[in-house]
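Notes for the one structure printed next.
Given the structure is predicted, the values throughout are model-derived calculations rather than measurements. So you know, we letter chains A, B, ... as the sequences are listed, proteins then strands, and number each from 1.
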There are 2 protein chains.
Amino acid sequence: MRLADLETPALLLDAAKMRANIARMNATMRRHGVTLRPHLKTAKSVEVACAMVEGWPGGVTVSTLREADQFFAAGFRDILYAVGIAPNKLAHVAELTRRGATLSLILDSIAAAEAVAAFGRAEGLKLPVLIEIDSDRHRAGVAPDDAALLAAIAGRLADGAELRGVMTHGGGSYDAPGEERIAAHAELERSGTVRAAEALRSAGFPCPVVSVGSTPTATFARDLSGVAEVRVGVYVFQDLVMAGLGVCAVDDIAISVAATVIGHQAERGWLITDAGWMALSRDRGTQAQPVDQGYGLVSGTEDLIVISANQEHGIVADRHGRPLDLARFPIGTMLRILPNHACATAAQHDRYHVLDGDDAIAALWPRFGGWA
Amino acid sequence: MRLADLETPALLLDAAKMRANIARMNATMRRHGVTLRPHLKTAKSVEVACAMVEGWPGGVTVSTLREADQFFAAGFRDILYAVGIAPNKLAHVAELTRRGATLSLILDSIAAAEAVAAFGRAEGLKLPVLIEIDSDRHRAGVAPDDAALLAAIAGRLADGAELRGVMTHGGGSYDAPGEERIAAHAELERSGTVRAAEALRSAGFPCPVVSVGSTPTATFARDLSGVAEVRVGVYVFQDLVMAGLGVCAVDDIAISVAATVIGHQAERGWLITDAGWMALSRDRGTQAQPVDQGYGLVSGTEDLIVISANQEHGIVADRHGRPLDLARFPIGTMLRILPNHACATAAQHDRYHVLDGDDAIAALWPRFGGWA
């Protein structure tokens, strides 16, 4: 199938760029001597996941139990569910565990530890657990130096669960553009989790796993001493937010949305396309960055962006307000829109159209969403 | 199944509120003596669509050909595809037409009219077409008084397609809160399409259909003389944007996202839940309204909103910054988050959990997304 024959909007995946992104992150992790545990929440695709785990025996990370179900069905066994566990999900966790998954959970409170341990005792299961650490005051987790709370959680887990270690997600790095500031966030991740692990070990608890990660911090970390594994996901596709942070080049972005010009606003010099927010997502992650990319940048251009979006309409215009020469973009013209946020844009689609070169679609890779 | 046993996040539908919303809009349309052609883009569910069309013989409206496929398969025959047609979709349109659908298209340019007519001549099909009118300079369409362009488009359609009439979508009403301003937008819709229809008739072209609509304008229109049909979709569920415009009450909103408290930020008095933007959508449609609802309002409260959202985490806090009494919301507490924008939030889910009363789930209704 030719790209030109595709019904739009449609999600495109440049597999060569994806492989280059994977190779770059793999090399960085090997240089640090740590294990990569790829986060599959960005891709939600078995084919992409297989490319990400190649050479890494350390399991995978997921953000939903639906991902755990799907990747377990595809043969993945060692799965970290990296969202604080809620009691209503424990029956699902037990079911996957009994079928053979090693599904690790995370939590950051005595209440959650007690719930998991009580469930484990009742069900005769010792579920593996990591304690979440708040390394950058970003969202969730135990403060790295709250040794008393760490020991209290570990104590509650001792009878009914299996404490495996500590983990953090340096999400604050998304607001800290540039290599220097991101490297500082990476050190917050590393030092916070290592201190928390030492506190647990000093209190007599085992803590074999120290797990950190975000695509920005993994890219620019200078030292990962004491870290066992790194979790990253967005790197596989990259996106305009990552480019705005300096983590990748715009040309590294491996996914885009094919859109067709369906009309012109002649007075204003705008194009109307059939890719609205349903196809692009409502993500405006570049809004607070130095270069606001609207709802996405037209691939191959510097200044054509989606300035506004309705459900199934996108308005493409020059970012500086100069009217476009509409004759260059007749009705039927196909554009490729690069995403602000790969996770959000990909989530609006149920398949990847895998490009072979610039003009041929070599494969369709299904992707899934949902939770339970 | 009890609501309390549900794995979260999950999309809930209060069917009694939905039926009341449908009844209210039906009564408004009957009072005006016009036909309702429900827009199914909000619901994307056969069960919801059946409730919306009850009593209306005038067909339905869709925003994607996937919707046309799905609703045709469910027995709907008269379908208006209300996004400007792109040439790459004509083969799909022809296929549905040959299988028995009456699939009407919209367009607003000579180029698109020529493409549709040429396709029709080549395939031996006379596809029904409405000309899109730009009644409020909102997005797409021919200016209502551009009689020359209207006649030129109609002329191009004469040999190879079937001109059915004119249509508009008064999307500008979303930026015009309050009954008075919305009623003025409704009159722009009505008068613009009626003038365009008269121009076409004066030029010798048939124009039986005059089609208008948006949930705000349909709710507050004072006069629909000359209008044949009204297209509306959001009314079926309503949402916080509609409530902010004064179109409905918060208590009319029929869908919500069930979320569970998975942690506390004790220092800040925040709740962390398992409903992030993947479950709520990134829509921030209330941001520019007098009351900004963040990523959604906790049902049953006036001041608890989702102040920020990551992929699978939502931060719930008091809108005025007062720390919450966290003991009232222990880990495991279920909250229901009302959506900013029903179309966007529902699109993040693959099923509706239909509530029977406050505590029982009576049914699961599947919903779909996608395009081709």
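Annotation: side chain to side chain donor-acceptor pair (under 3.5 Å) contacts of Trp371(B) (sequence neighbours excluded): Glu312(A). Qualifying side chain to side chain donor-acceptor pair (under 3.5 Å) partners for Glu7(A), counting only residues two or more places apart in sequence or in other chains: His92(B).
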*Give the C-alpha distance, both sets of side-chain angles, the deciding distance and a yes or no for side chain to side chain contact (heavy atoms under 4.5 Å, CB included) between Gln348(A) and Gln348(B).*
CA-CA 8 Å; Gln348(A) 302 298 104; Gln348(B) 302 298 105; 2.8 Å; yes
*Would His169(B) and Asn310(A) count as a side chain to side chain contact (heavy atoms under 4.5 Å, CB included) if you check the C-alpha gap in whole Å, the side-chain angles of each, and the deciding distance to 0.1 Å?*
CA-CA 12 Å; His169(B) 167 59; Asn310(A) 298 120; over 6 Å; no
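Contact tally against chain A (heavy-atom pairs below 4.5 Å) for Ile331(B), Ile315(B), Leu65(B), Ile85(B): the top residue is Ile331(B). Of the listed residues (Ala82(A), Gly276(A), Ala86(A)), the one with the most heavy-atom contacts under 4.5 Å to chain B is Ala86(A). In terms of heavy-atom pairs under 4.5 angstrom with chain B, the leader among Asp5(A), Val261(A), Thr260(A), Leu107(A) is Thr260(A). Counting heavy-atom pairs closer than 4.5 Å to chain A, the top residue among Gly332(B), Gly369(B), Gly171(B), Cys343(B) is Cys343(B). Ranking Ile262(B), Asp134(B), Leu11(B) against chain A, the residue ahead of the rest is Ile262(B), based on heavy-atom pairs under 4.5 Å. Put simply, of Gly263(A), Ala111(A), Ala279(A), Ala112(A), the one with the most heavy-atom pairs under 4.5 Å next to chain B is Ala279(A). Of all the listed residues (His349(B), His341(B), His313(B), Met334(B)), the one sharing the greatest number of non-hydrogen pairs under 4.5 Å with chain A is His313(B). In terms of heavy-atom pairs under 4.5 angstrom with chain A, the leader among Ala115(B), Ser63(B), Ala10(B), Gly370(B) is Ser63(B).
Contact record, Ala347(B) with Met278(A): CB-SD, 3.6 Å, taken as the closest heavy-atom pair. Between Lys89(A) and Thr8(B), the closest heavy-atom pair is CE-O, 3.0 Å.
Only the side chain of Pro87(A) comes within contact range of chain B, judged by heavy atoms closer than 4.5 Å. If you measure heavy-atom distances from Trp277(A) to chain B, the contacts under 4.5 Å come from the side chain alone. The contact between Ser109(A) and chain B is made entirely by side chain atoms (from C-beta outward), counting heavy-atom distances below 4.5 Å. Residue Ser281(A) does not touch chain B at all, counting heavy-atom pairs closer than 4.5 Å. Heavy atoms of Ala91(A) lying under 4.5 Å from chain B are absent altogether. In this structure, chain B has a heavy atom under 4.5 Å from the side chain of Asp350(A), while its backbone stays farther away. With a threshold of 4.5 angstrom between heavy atoms, Glu267(A) approaches chain B through side-chain atoms but not through N, CA, C or O. If you measure heavy-atom distances from Arg284(A) to chain B, you find no contacts under 4.5 Å at all. When heavy atoms are compared at a cutoff of 4.5 Å, Thr64(A) approaches chain B solely by way of its side chain, counted from C-beta outward.
Arg268(A) has its side chain within reach of Arg137(B): a pair of non-hydrogen atoms, C-beta onward, lies under 4.5 Å apart.
Rounding to the nearest 0.5 Å places CD of Gln311(B) at 7.5 Å from NE2 of His39(A). Atoms CG and CD1, from Asp108(B) and Ile272(A) in turn, are 6.5 Å apart once rounded to the nearest 0.5 Å. Note that the CG atom of Asn88(A) and the CG atom of Leu6(B) stand 7.0 Å from one another [nearest 0.5 Å].
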